[in-house]
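Structure first, then comments.
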Amino acid sequence: MAIERYNARVAERKWQDIWAEADVFATKNEDPRPKYYVLEMFPYPSGRIHMGHVRNYTMGDVVARYKRARGFNVLHPMGWDAFGLPAENAAIQNKVHPAKWTYENIATMRAQLKSMGLSLDWAREIATCSPNYYKHQQKMFTDFFKKGLVYRRKSKVNWDPIDNTVLANEQVIDGRGWRSGAIVEQRELEQWNFRITDYSEDLLTSLDTLDRWPDKVRLMQRNWIGRSEGLRVRFEFETPSPTGEKTIEIFTTRPDTLFGASFLALSADHPVAIAAANGNPALGAFREKCHQMGTSAAALETAEKEGFDTGLTVKHPFIAGATVPVYVANFVLMDYGTGAIFGCPAHDQRDWDFATKYKLSIIPVVLPPDAAATTYSLGTAPYVDDGTIFNSDFLNGLTVDAAKEAVAKRLETTMVDVAPQGARQVNYRLRDWLISRQRYWGCPIPMIHCDDCGVVPVPADQLPVLLPDDATFDAPGNPLARHPTWKHVACPNCNRPATRETDTMDTFVDSSWYFARFTDPWNETDPTTRSAVDSWLPVNQYIGGIEHAILHLLYSRFFARAMKATGHAGLDEPFAGLFTQGMVVHETYRDNTGQWVTPADVVIDEIEGTRVARLKADGTKIEIGSIEKMSKSKKNVVDPDEIIANWGADTARWFMLSDSPPDRDVIWTESGVEGSHRFVQRIWRLVNEAAPFISGISGPALVETPTAAAMTLRKQVHKTLAAVEDDIERLAFNRAVARIYELVNAIFKILADADMASDDSMPGAVSEAFDVLLQIIQPMMPHLAEECWSTLGRDGVLATSAWPLVDRSLIVDDTLTLPVQINGKKRAELTVSRQMSDSEIQAAVLELEVVKQVLEGRPPKKIIVVPQRIINVVA
RNA sequence: GCGGACGUGGCGAAAUCGGUAGACGCAGCAGACUUAAAAUCUGCCUCUCUCUGGGAGUACGGGUUCGAGUCCCGUCGUCCGCACCA
């Protein structure tokens, strides 16, 4: 009787309905079992899910289903990162309200995710654009404000003078606004900031505790925070000071090279530079030039180092009578250190470039280890490595480190104008987090500007500050700022007319605490419920893209600390385990006019070993290009909906887990999908073939003396089970997949070879094999597993059934086949019993024909027996 | 420029500790079944030689070791992050 092919479309819908009806993935906070929180980075509702989502959410779902089977109370929620610019762009282009656009996208994408059969607790779904979510965010903002974690400050922004709007760095292309094409200006605006730098040191040192994070991500964060230890040094003016201050303070990490100082360089925004420009039009013009310089990476890279001699001079701290000229330089940043540096051209590339250009002296003070002080001279480059200090008075002979210490000690105790001349300082590259956005579709910053009371937070009982529904998007600028009535409000303090803050928050704020909200999204009065948030967090396993390695993860770590400081949560680190998955990539195709062609329109043949692509429609030859990240611009995208409709969700899920290690990119190929689908059908066929023999049996139902064939199968089943457990625990899904293929191949062989009717130990063993197989594929291909489970007449749904137990006695073998090497090359194999001693094994090895031949009667120099592994005879 | 990761068949890869290199999948080749195709099944599938056997082989060149894909040094290449942070 022919077995009908597995109909994924029908079966998947059926099981999704059954799970939904029984509400099997709902999670209760009161459940007493041990908790496990698995979370994938929530999506931006762009319109449709893409293959990257399929991969990300498949991985998370495998973990969730596996942990559930292992007896954990699993929290596996989903939500929407729903504020952001694309919704506003859609409003401008298509005249559709951002809310309507966003919620329609959410509806589409929710249905797509449901078609994947993910084991999500949809009751906890949140959208960050919902007032139910952002009112809590506003509450926390005001709490942060009261704790001093929020402040306002003038900051430089990219300003588009045509659209009258602030642009994100990504919206500035070649120095011009992406929409208007206007040359972007740097403007100073009052902007809201989170004081993330309060936690610089903690965010840095706590990275060491995150041992279940990829080293790569931790390193990236470490570099981003950028701690450096140095010395602030005050140089006394020799010329009159333009500001009245008696000194200029610089920051350096190389105080050991002070004797090589040949200039000071100030930022264009340094107070001394500003003051000196008064009455010095040329310097004023130079400052102006510095301001016009773009902030983009490209602009910085090409910009040449330039300076302007202010004519001012300062005294060298150690060399009596020596003076140092003061420049303003375009490469010195005002917001790092003190906005001023000293230059030692002999030992720093940048200072070297500057000194060469302006013909300043270059005095070497660090001697390389193998150089002689009397003959040493620099070549055409600075010497930046370690060495011994010379040309430096009291530092001569010291190492670089010792000299740093000596300089610090001396300057700390030298008084200049009632303060020490030097002070040790730790600096961080990390800046405070600027969250102001002059946008409509974001969380309104809940502050009110009152002429009399200043900036006042909106009282808790007046939250949320709702976005107005009737904003207009047909003019440039911030819709909130130009709304006729929205911003006008009474001051909460004095009740006089005041105005609302019209900035909204960076959408990274929304995603910095959503994982906490999931723990009790039903709390109407507070952002979090302490009992829930403290027991669920930290997230046991967080899974997402490497592109969030720095910002999202760092901001979330900051938020956890800020929420702790304001009593909204009780822990520092939000994510105990982090996994960054690779991208989904695909070949690219182009027609003879150079236009990109989408994979769905292409057929591939192999002609004499060469792959040839043709247009499906008319057979036109298509050029096969490089493999790249799926992107709309290159059209190398595959639509998850089509894949699921054609092959089923299980096939797509299985493919995503196969072959490539999850942290690497996976190449999506049509033939690979076909292979995955073949496997789905193969399991279905096997189950149906075996069903008549085993459907009544539950468990191994062993006879007293099972046959060798039955025992071999049972051993393989339990070895596979143990290996798959291990693989899933370490998210090595590709290895688990390979083990499962092996098991299915073995079952296939047994069904073909064994005589089920006459070997009465076989039905039990085969039955057990299928039970285990279906349980271990359940996290990966849940619908197929359920359908097979029910075909075999098993009780209940697999989604809620317990993981099978490994029988440890079955995973150790009584006999082992060990490779035998002679002088490190494999020459034979030797089958020994597990109990055999080393000396017995050695004796057996010497009896082997090949070994005798090589030794020719002589005794071996050595025999190395590595237990359970290998034998090496050294002849 | 600085920092980091990686380099294994035609392709994706596997090889927890230094112990049989290439499991598993994809592609390909040959065959069976079929009127035929699809599906399915069987076998082959690193290179090479004087082929019932041997030799070489994990980017390249050295080293440590009884034994190296794995450890160390150097070279080349690819990818990623940061990029005037003093």
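Owing to the predicted nature of the structure, the values given are computational and were not obtained by experimental measurement. In the text below, chain A, chain B and the rest are named by the order of the sequence lines, each starting its count at 1.
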Rounded distance (Å) that lies between atom C1' of U20(B) and atom CD1 of Ile822(A): 14 Å
Nearest-angstrom distance, C1' atom, C45(B) to G9(B): 9 Å
Quote, to the nearest angstrom, the P distance that separates U65(B) from G1(B). 37 Å
For Ile604(A) and G28(B), what is the distance between atoms CD1 and C1' respectively, to the nearest whole Å? 16 Å
Partner lookup for G69(B), please. Criteria are Watson-Crick or G-U wobble with both distances under 3.5 angstrom; report none if nothing qualifies. none
Choosing from G25(B), U20(B), C26(B), which nucleotide comes nearest the side chain of Ser671(A)? C26(B)
Backbone of Gly582(A) reached by a side-chain donor or acceptor of Arg55(A) within 3.5 Å: yes
For Arg431(A), which contact category applies under a 4.0 Å heavy-atom criterion: base, sugar-phosphate, or nothing? base
In whole Å, I'd like the distance from the CD atom of Gln425(A) to the P atom of A86(B). 12 Å
Can a donor-acceptor pair be found, under 3.5 Å and without considering hydrogens, that links the side chain of Arg218(A) to the backbone of Leu207(A)? yes
Under 6.0 Å between ring centres, would you say that holds for His677(A) and Phe655(A)? no
Could you measure between the two P atoms, the one in U78(B) and the one in G28(B), and give it in whole Å? 31 Å
Taking the side chain of Arg429(A) as its heavy atoms from C-beta onward, which of C26(B), G25(B), A83(B) lies nearest to it? A83(B)
Can you tell me the base-pairing partner of G81(B)? Count Watson-Crick or G-U wobble geometry only, both distances below 3.5 Å, and say none if there is no partner. C2(B)
Just call it for Gly226(A): base, sugar-phosphate, or nothing, with non-hydrogen atoms closer than 4.0 Å on any strand. nothing
Can you tell me, in whole Å, how much space there is between the P of C49(B) and that of U8(B)? 25 Å
Scan every strand shown for a Watson-Crick or G-U wobble partner of A23(B), both distances under 3.5 Å, and answer none if you come up empty. none
Ring centres under 6.0 angstrom apart (Tyr358(A), Phe263(A)): no
Ser658(A) near the nucleic acid: base, sugar-phosphate alone, or nothing, with a heavy-atom cut-off under 4.0 Å? nothing
Rounded to whole angstrom, note down the P distance from U70(B) over to C17(B). 13 Å
Between G10(B) and C29(B), how far is it from one C1' atom to the other, in whole Å? 13 Å
Considering only the P atoms, how many Å lie between U42(B) and C60(B), rounded to the nearest integer? 37 Å
Option passing ring pair (Phe, Tyr, Trp, His ring centres under 6.0 Å) with Phe354(A) (candidates Tyr327(A), Phe342(A), Phe308(A)): Tyr327(A)
N/O to N/O distances under 3.5 Å, protein versus nucleotides 62-70 of chain B:
unit_1	atom_1	unit_2	atom_2	d
C66(B)	O2'	Asn872(A)	ND2	3.4
C66(B)	O2	Asn872(A)	ND2	2.5

Looking at Lys861(A), I'd like to know if its NZ atom is crowded, meaning that more than 12 non-hydrogen atoms belonging to other residues, nucleotides or ligands lie closer than 6.0 Å. no
For Phe748(A), answer base if it contacts any base atom (sugar-phosphate contacts may also be present), sugar-phosphate if it contacts only those atoms, and nothing otherwise; contact means non-hydrogen atoms under 4.0 Å. sugar-phosphate
Where each residue is assigned the nucleotide of RNA chain B containing its nearest heavy atom, which of Arg739(A) and Lys825(A) is assigned the position nearer the 5′ end? Arg739(A)
Within this structure, what is the CH2-to-C1' distance between Trp224(A) and A83(B), rounded to whole angstrom? 11 Å
Using whole Å, report how far CZ of Arg254(A) lies from C1' of C85(B). 15 Å
Could you please name the partner base of U42(B), counting Watson-Crick and G-U wobble pairs only when both distances are under 3.5 Å? A30(B)
Within residues 348-357 of chain A, the residues having a heavy atom closer than 4.0 Å to RNA chain B are Arg350(A)
Expected output: side-chain Arg212(A) to main-chain Leu210(A) donor-acceptor under 3.5 Å: no
By nearest-heavy-atom nucleotide on RNA chain B, the more 5' of Ser676(A) and Tyr428(A) is Ser676(A)
Take atom P in C72(B) and the same atom in C6(B), then report the distance between them in whole Å. 11 Å
Would you mind telling me which of G81(B), C84(B), A23(B) lies closest to the side-chain atoms of Lys305(A)? C84(B)
Taking atom CZ of Arg227(A) as the centre, does the number of heavy atoms from other residues, nucleotides or ligands within less than 6.0 Å exceed 12? yes
Among side-chain atoms of Asp838(A) and Gln842(A), is any donor-acceptor pair under 3.5 angstrom? no
Taken to the nearest whole Å, CD/Glu670(A) to C1'/G25(B) is 16 Å
With a 3.5 angstrom cut-off on both distances, give the Watson-Crick or G-U wobble partner of C76(B), or none if there isn't one. G7(B)
Looking at the side chain of Ile870(A), which of U20(B), A23(B), A86(B) is the nearest nucleotide? U20(B)
Check the distance between C84(B)'s C1' and Asn427(A)'s CG and give it to me in whole angstrom. 16 Å
